[in-house]
Amino acid sequence: MDTDVDDTCKAGGEGEKGKPIVVLLVGAPGSGKSTFCDQVIRSSARPWVRICQDTINNGQSGTKVQCLKNAARALKEGKSVFIDRCNLEREQRADFMRLGALQVEMHAVVLDLPAKLCISRSVKRTGHEGNLQGGKAAAVVNSMLRKKELPKLSEGFSRILFCQNESDVQAALDTYIGLGALDTLPHGCFGQKNPDAKVQLGIMKFLKKVDVPSNARSNASRGQDSAPPEATEVKNPICEGRGNVSSLSDTAGEEGKISEDLVVDSVNQNSSLNDVPTLAFPSISTSDFQFNHEKASDIIIEIVEEFLHKLGNARLVLVDLTHGSKILSLVRAKAAQKNINPKNFFTFVGDITRLHSGGGLHCNVIANAANWRLKPGGGGVNAAIFSAAGPALEVATKEQAKSLSPGNAVVVPLSSASPLYSSEGVTHVIHVLGPNMNPNRPNCLDGDYVKGCKILRMAYTSLFEGFLSIVRSQEKLPKGSIEKIGSKSSVLLGHSEDAPKIFSLKSDQKIKRDGVYEHERWKKCKGSLNEVGSDINVSRAGKVNANNDNTGSGGSNSKVWGSWAQALYNIAMHPEKHKDDLLEITDDFIVLTDLYPKAKKHILVLARYDGLDHLADVSKEHLQLLKMMHAMGLKWAEKFLLEDASLVFRLGYHSVPSMRQLHLHVISQDFDSKHLKNKKHWNTFTTAFFRDSVDVIEEINNHGKATLMDEESVLLMELRCHRCRSAHPNIPRLKSHITNCRAPFPANLLQNGRLVLAPSNT
DNA sequence: GTTCTAGAAC
DNA sequence: GTTCTAGAAC
């Protein structure tokens with residue numbers, strides 16, 4: 001059975017001494033915690049200590065502090081520890097989780113057995129058989145189970161094993177008994193069937209002394225369950241990684257070893273997490289470049305901390321192939337010390353090119369520990385990523401930069417032709433080059449850690465800066481100072497409004513490169529570094545968000561409209577001439593179906609004010625008008641939703657419309673239309689060029705004008721799915737993708753009522 | 001905004 | 001050869 005395979009396999013371990021383990025038993029009185037510990041301790045080759053609060057004080061009950069003290073002492077002696085107490089609530093477990101800082105593995109074994117069984121054991125143990133005692137024991141168990149909060153990986157466990165019947169318990173016993181001093185177990189959640197059931201079915205009936213036939217949790221049915229059903233796999237794809245773990249365990253192969261490491265939030269237990277922008281990055285320079293791990297881990301934590309607040313809910317994940325990796329342990333411990341939110345930054349054990357398919361962790365961006373030539377080869381992460389991404393990555397990389405100097409990073413959008421994109425959902429690779437401390441490699445820093453640390457900081461800063469630019473470009477344009485937007489032809493690191501400066505090392509290490517930017521802060525950091533002017537012109541890339549401030553020649557108010565652009569204006573001024581084609585006419589507005597709808601439902605709310613040609617003309621005095629247009633659009637969207645509840649609507653304006661006369665688009669997000677034919681069509685509705693009505697109203701209210709995006713930039717931007725943000729080479733391919741893509745909408749669209757859904761879908 | 005079509009890309 | 005884009009004309 002699946003569980004047997006999972007639990008008895010010993011991942012890796014070769015040459016890597018297994019760390020001491022802390023196992024928190026979780027279970028009601030009578031669930032068999034003490035028996036479990038005793039059986040393991042009696043038969044295991046690994047040294048174990050059982051910490052039991054009930055007996056810790058010379059056989060008398062003691063305190064939690066005593067338990068913690070004794071546990072820490074045992075761990076320091078290299079012993080593994082069972083924490084034998086109920087641990088049913090998260091809060092009760094929390095203090096023990098701090099033991100995780102001591103370079104140990106934190107496991108939970110959940111004895112989630114039928115309440116009936118716990119109660120009857122409890123009653124027997126007290127030796128006070130009878131209604132009163134029995135009733136009391138039942139009440140205690142029942143009340144404890146009501147408060148039960150099943151442990152989660154996010155609490156800091158690297159492994160959680162759920163047992164729901166005696167055979168599960170036996171399998172768990174075998175697992176821990178068979179665990180030698182040097183063995184490790186795969187990480188992740190195993191055996192969970194019904195995470196939400198707080199009180200087991202049947203307990204109330206039991207209390208009423210009604211004999212209940214075994215319910216759905218009977219052994220027979222669970223035998224089949226133990227191979228995770230599809231729903232479980234989707235919810236908790238960690239389990240998917242188990243196949244790899246076990247199948248490769250014999251060879252102790254590193255490659256297939258994909259498991260979740262400590263501090264990871266239960267990956268994808270919430271499928272919406274798949275949507276969170278995530279950067280997976282390897283530790284830079286600590287492998288082949290032999291950078292000191294202590295120093296490197298300090299720098300990682302330092303720069304991560306600096307960036308987390310800028311990144312919003314986006315996540316950074318440090319990935320390493322090796323389970324017992326020193327750098328992961330160091331970073332993990334330091335992250336815990338600094339109280340870094342494990343939701344936003346965690347470590348992960350796995351192959352960076354197979355995080356999604358192999359580990360259930362979706363990362364839209366991965367970092368490559370590149371070489372200065374930005375070429376495949378050399379082994380390690382660089383070879384793996386180039387190989388997994390196929391030739392597409394090399395081509396795309398070449399477009400962005402020819403080479404890279406230490407401390408820099410370059411963002412490369414991955415085409416959908418790349419397998420890394422199609423099977424792993426990676427949309428960008430960021431190449432980053434760290435300092436080299438290895439004398440056998442070119443440009444060694446010769447032990448100069450002052451310079452080395454500086455460059456490593458720089459490398460991480462450039463990397464995260466690159467990720468930040470992707471996150472921002474994919475969400476929406478930040479208000480005010482917008483730096484840049486991702487586009488095929490732009491390389492977007494650091495602040496490049498001014499003439500970009502590229503730094504390089506001293507002349508003996510000078511590397512020719514272009515299109516690579518360093519973070520602002522490093523421009524100040526000249527010292528031994530020269531600055532070299534860029535040989536590429538970024539003005540196109542930078543020209544993304546010219547705020548339309550009505551100044552200069554060709555200001556918005558003086559825009560010249562072609563004759564073909566007057567159709568809406570003519571309708572607004574003389575609706576009676578087009579009466580049959582309009583959905584609704586009021587004194588202020590007209591509602592009509594777009595002549596060339598770009599989706600199943602695509603209507604316009606047209607303002608009837610002469611002189612209000614487009615959004616650039618709108619100011620605070622029009623606030624009420626905007627609100628009324630929004631309300632009108634909403635009314636129609638809701639009307640359409642009654643006819644087809646599967647539709648999702650978005651209301652907004654084009655930054656620079658083609659047709660004269662202010663009009664609000666109300667468009668369903670299927671984009672299922674023969675009229676959607678080119679890049680401009682797509683990008684005007686799915687990028688920051690499309691200004692959500694709710695945001696426009698807010699901006700007009702706060703600043704008196706709306707942020708508008710440059711018309712040309714629409715054509716520079718890649719074609720990306722509006723749901724999963726994947727990139728596609730052309731319109732036909734994009735269209736075939738979107739007919740099938742059911743990914744949730746990006747998080748920013750789900751906020752502030754930007755999307756209008758049927759009530760049942762909200 | 002669309003249509004048409006040359007020629008680039010595949 | 002076919003598919004797809006992008007620029008001109010309207």
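Chain letters run A, B, ... following the sequence lines, proteins first, then strands; residues in each count from 1. Note that the structure is a prediction, hence the values are computed from the model and not measured.
A:His663 comes within 4.0 angstrom of nothing in the nucleic acid, heavy atoms only.
Reading DNA chain B from its 5' end, the first and the last nucleotide to sit under 4.0 Å from a heavy atom of chain A are B:dG1 to B:dT3.
Under the 6.0 Å distance and 45° angle rule, A:Lys639 counts as a cation-pi partner of A:Trp636.
Sorted by residue number, the members of residues 589-608 of chain A with any non-hydrogen atom under 4.0 Å from DNA chain B read A:Tyr596, A:Lys598.
Taking the centre of each ring, A:His614 and A:Trp561 come in below the 6.0 Å mark. Here the two rings, on A:Phe690 and A:His722, have centers that are 6.0 Å apart or farther.
Under 4.0 Å is where a charged nitrogen must lie from a carboxylate oxygen, and between A:Arg608 and A:Asp587 no such pair does.
A side chain to side chain donor-acceptor pair (under 3.5 Å) check over residues 731-744 of chain A, counting only residues at least two apart or in different chains, returns the pairs A:Ser726-A:His737.
Between the side chain of A:Ser655 and the backbone N or O of A:Leu708, no donor-acceptor pair lies under 3.5 Å.
No donor-acceptor contact under 3.5 angstrom links the side chains of A:Thr586 and A:Asp588, judged on distance only.
The two residues A:Leu676 and A:Ile731 have their closest heavy-atom pair at O-CG2, 4.4 Å.
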